[in-house]
Amino acid sequence: MANLFPLSSDGQDPANLRDINEPLIDHSEGQLFLNEAFKIIIEEVLCKGTDVQQKVCEWKGPEDLALLLDLELRAEGEPQQRLLQRVKDVAKYSIKTSHPRFFNQLFAGVDYHALAGRFLSEALNTNLFTYEVAPVFVLMETEVLRSLRQLVGWTEGDGIFCPGGSTSNMFAMNLARYRLFPEVKSQGLWAVPRLTIFTSAESHYSVKKGAAFLGIGTDNIIVVKVDEGGRISPEDLDEKIKLTKSQGAVPLLVSCTSGTTVRGAFDPLDRIADVCEKHNVWMHVDAAWGGSVLFSEQHRHLMKGDTTNLLKKCHSANATYLFQQDKFYDVNLDVGDKTVQCSRKVDCLKLWLMWKAVGSIGLAERVDKAFNLVRYLVEQMKKREGFHLLWEPEFLNVCFWFIPPSMRGKEGNADYQDRLANVAPVIKERMIKQGTMMVGYQPLGDKVNFFRMIVLSTLVSKEDMDFSLDEIERLGNDL
């Protein structure tokens with residue numbers, strides 16, 4: 001039999017270059033590196049990255065960027081100064097999402113208390129599955145979830161922090177299926193009939209992905225009509241549920257959206273709830289984008305609308321090496337079996353520390369300010385020739401076309417739509433390569449490419465709104 005653990009003649013492992021009593025990490029050297037790295041992060045990301053005089057991005061093509069970053073991993077390590085330069089390079093060539101002129105995605109800006117929470121949770125490096133390894137965060141998450149439920153108006157309930165909205169939507173489908181057919185957990189798809197999920201064409205694509213992942217099937221996603229504002233039609237929903245039942249399928253879930261990804265539309269939750277109650281169908285609300293309106297007395301109307309331990313019943317596997325039932329504390333505090341994950345990052349600390357810092361009033365102010373800036377942007381847009389608003393925004397998504405001077409008044413030309421479809425991509429390329437701002441674009445239905453500007457960051461001002469319109473004109477007037 002081969003010797004799996006070869007030793008040298010003096011009994012030492014030849015590959016062992018250090019005495020096993022010596023630590024492999026030098027704490028003083030590591031902490032010095034961390035201090036220097038933090039200085040770079042503060043300067044490059046939090047100072048330059050939030051300065052309107054600096055670029056939103058230092059754009060490089062993939063080949064050039066790979067060469068600049070020297071990404072290859074080698075057998076030998078590098079000295080600290082070289083590593084610090086790498087930290088600086090990563091910061092320099094990354095997109096500055098905290099920049100006041102980053103309007104590209106449904107995230108932007110920086111909150112220093114939340115950022116401190118992320119630094120702290122990474123330093124503590126724990127997992128949120130049992131009270132014994134994460135006592136502070138189990139209690140903290142419970143309190144944050146309780147406070148969030150209060151915003152909705154619930155005095156009781158259950159919940160868990162998920163890695164993102166896509167996972168949350170998938171959990172909702174799984175819970176709805178388990179509620180109707182608990183045997184699916186042990187018997188699998190053999191135990192269930194054909195199930196259908198109802199949602200709008202403007203809901204997040206994770207609904208379709210979740211149906212595929214859970215074995216429900218994308219063909220069983222029933223698309224419900226929307227009104228002119230992109231909101232689900234309760235009347236069409238009612239008709240489609242009736243049709244599905246007549247075909248022998250089981251209506252499983254209606255997936256509503258509060259703040260759709262493109263338009264920012266809010267489905268009429270109260271009227272949809274009536275339809276769901278009528279047909280005894282699970283109603284899920286994806287509020288990953290629009291849920292923040294609940295903090296605002298002025299805007300919470302957009303989302304007008306029991307404790308069953310269902311999360312744990314549906315997802316638990318009862319791993320005895322983690323969830324022993326004879327522990328010396330209340331084992332209900334071991335929340336890890338509520339999720340399909342094992343290791344779970346601490347996400348609650350960011351929100352808890354930010355909420356503690358500014359309070360519910362401060363969070364409401366942020367929501368209200370963003371709405372006010374959207375109103376200002378739309379007012380200014382309507383004063384300028386060449387900007388065509390597709391819809392009056394319901395939330396923080398402003399969707400519009402920019403019509404270059406050469407195309408104005410030529411809407412009837414045969415090639416007009418093709419030419420219009422090219423405008424946003426060209427302007428987007430120019431703004432990224434010059435690093436002046438970032439704003440997204442996409443088509444939707446029969447609408448060719450249009451800009452979708454997200455006004456979200458707490459750092460944004462009216463001057464940034466004016467700049468964005470000026471810059472789009474500057475970059476697109478010659479098209």
Side-chain angles (χ1 to χ4, degrees), residues 25 27 30-51 56-57 83-84 86-100 102 104-131 133-148 159-168 287-289 291-292 295 335-336 338-339 341-360 362-363 365-367 370 454 456-460:
I25 291 178
H27 285 291
Q31 289 166 19
L32 176 62
F33 173 79
L34 194 59
N35 276 322
E36 294 302 314
F38 268 124
K39 290 177 185 177
I40 293 171
I41 292 169
I42 290 172
E43 175 62 24
E44 297 294 328
V45 179
L46 302 177
C47 291
K48 292 181 181 179
T50 58
D51 183 353
V56 177
C57 61
L83 293 172
L84 289 171
R86 295 200 180 283
V87 172
K88 191 170 184 176
D89 289 344
V90 169
K92 179 179 179 179
Y93 295 110
S94 291
I95 307 300
K96 307 306 186 296
T97 62
S98 297
H99 197 286
F102 176 84
N104 206 68
Q105 312 294 153
L106 307 186
F107 57 85
V110 60
D111 181 275
Y112 291 100
H113 302 100
L115 185 58
R118 175 56 79 199
F119 287 155
L120 179 54
S121 62
E122 290 298 321
L124 290 169
N125 192 32
T126 192
N127 276 301
L128 225 172
F129 42 50
T130 63
Y131 183 79
V133 298
V136 171
F137 300 126
V138 166
L139 297 180
M140 184 182 292
E141 183 176 69
T142 300
E143 177 58 28
V144 173
L145 290 168
R146 186 192 69 79
S147 297
L148 290 171
I160 197 115
F161 271 70
C162 296
S166 295
T167 303
S168 299
W289 173 222
S292 59
F295 284 100
V335 296
K338 292 182 182 182
T339 174
Q341 298 168 261
C342 177
S343 300
R344 186 164 65 97
K345 285 285 189 183
V346 175
D347 291 317
C348 60
L349 179 55
K350 290 176 65 177
L351 178 54
W352 180 83
L353 202 55
M354 178 174 66
W355 202 333
K356 278 285 192 182
V358 303
S360 300
L363 293 174
E365 287 174 347
R366 296 180 182 197
V367 174
I454 303 297
L456 167 67
S457 170
T458 55
L459 305 178
V460 173

When every non-hydrogen atom of Cys162 is compared with those of Ser168, the smallest separation belongs to CB-OG, 3.4 Å
Original post:
Any donor-acceptor pair under 3.5 Å linking the side chain of Asp51 with the backbone of Cys47?
Top reply: no
- Under the side-chain contact (heavy atoms from CB on, under 4.5 Å) criterion, do Glu141 and Leu145 qualify, and how do the steps go? CA-CA 6 Å; Glu141 183 176 69; Leu145 290 168; 3.8 Å; yes
Quick check: do Phe161 and Arg344 have side-chain heavy atoms less than 4.5 Å from each other? yes
message = Quick check: do Leu84 and Lys88 have side-chain heavy atoms less than 4.5 Å from each other?
response = no
### Task
Starting from the C-alpha separation in whole Å, work towards a yes-or-no answer on side-chain contact (heavy atoms from CB on, under 4.5 Å) for Ile454 and Asn104.
CA-CA 6 Å; Ile454 303 297; Asn104 206 68; over 6 Å; no
Handout entry: Contact check, side chains of Leu148 and Trp355, non-hydrogen atoms, under 4.5 Å
Key = yes
Nearest heavy-atom approach of Lys96 to Gly49 is CB-O, 3.9 Å
With side chains defined as the heavy atoms from C-beta onward, is the minimum distance between Gln105 and Thr97 less than 4.5 Å?
no
CG of Asp111 to OG of Ser457, rounded to nearest 0.5 Å, is 10.5 Å
Note: Ala134 and Leu128 closest approach over all heavy atoms is CB-CA, 4.3 Å
For side-chain contact (heavy atoms from CB on, under 4.5 Å), just list the numbers for Leu459 and Phe102, CA-CA rounded to whole Å, side-chain angles, deciding distance to a tenth of an Å, and then say yes or no. CA-CA 10 Å; Leu459 305 178; Phe102 176 84; over 6 Å; no
Of all heavy-atom pairs linking Leu139 and Tyr131, the shortest is CG-CE1, 4.0 Å
- Val358 vs Arg366 side-chain heavy atoms within contact, under 4.5 Å: yes
Tightest non-hydrogen contact, residues Val45 and Ala91, listed as CG2-CB, 3.9 Å
d(Lys356 NZ, Leu351 CG) to nearest 0.5 Å is 12.0 Å
Item to complete: Kindly indicate, with the supporting measurements, whether the criterion side-chain contact (heavy atoms from CB on, under 4.5 Å) is fulfilled by Leu120 and Leu353.
Response: CA-CA 11 Å; Leu120 179 54; Leu353 202 55; 5.9 Å; no
How about Trp352 and Phe137: are their ring centroids closer than 6.0 Å? no
Distance col, row Glu365:CD vs Thr458:OG1, nearest 0.5 angstrom, shows 12.0 Å
Here the gap from Ile41 atom CD1 to Leu46 atom CG, rounded to the nearest 0.5 Å, amounts to 8.0 Å
When rounded to the nearest 0.5 Å, the distance separating CZ of Phe38 from CD of Gln31 is 11.5 Å
Measure the shortest side-chain to side-chain distance between Met354 and Leu363 over non-hydrogen atoms and say whether it is less than 4.5 angstrom. yes
Scanning both residues in full, the closest heavy-atom pair of Ala114 with Lys350 reads O-CG, 3.3 Å
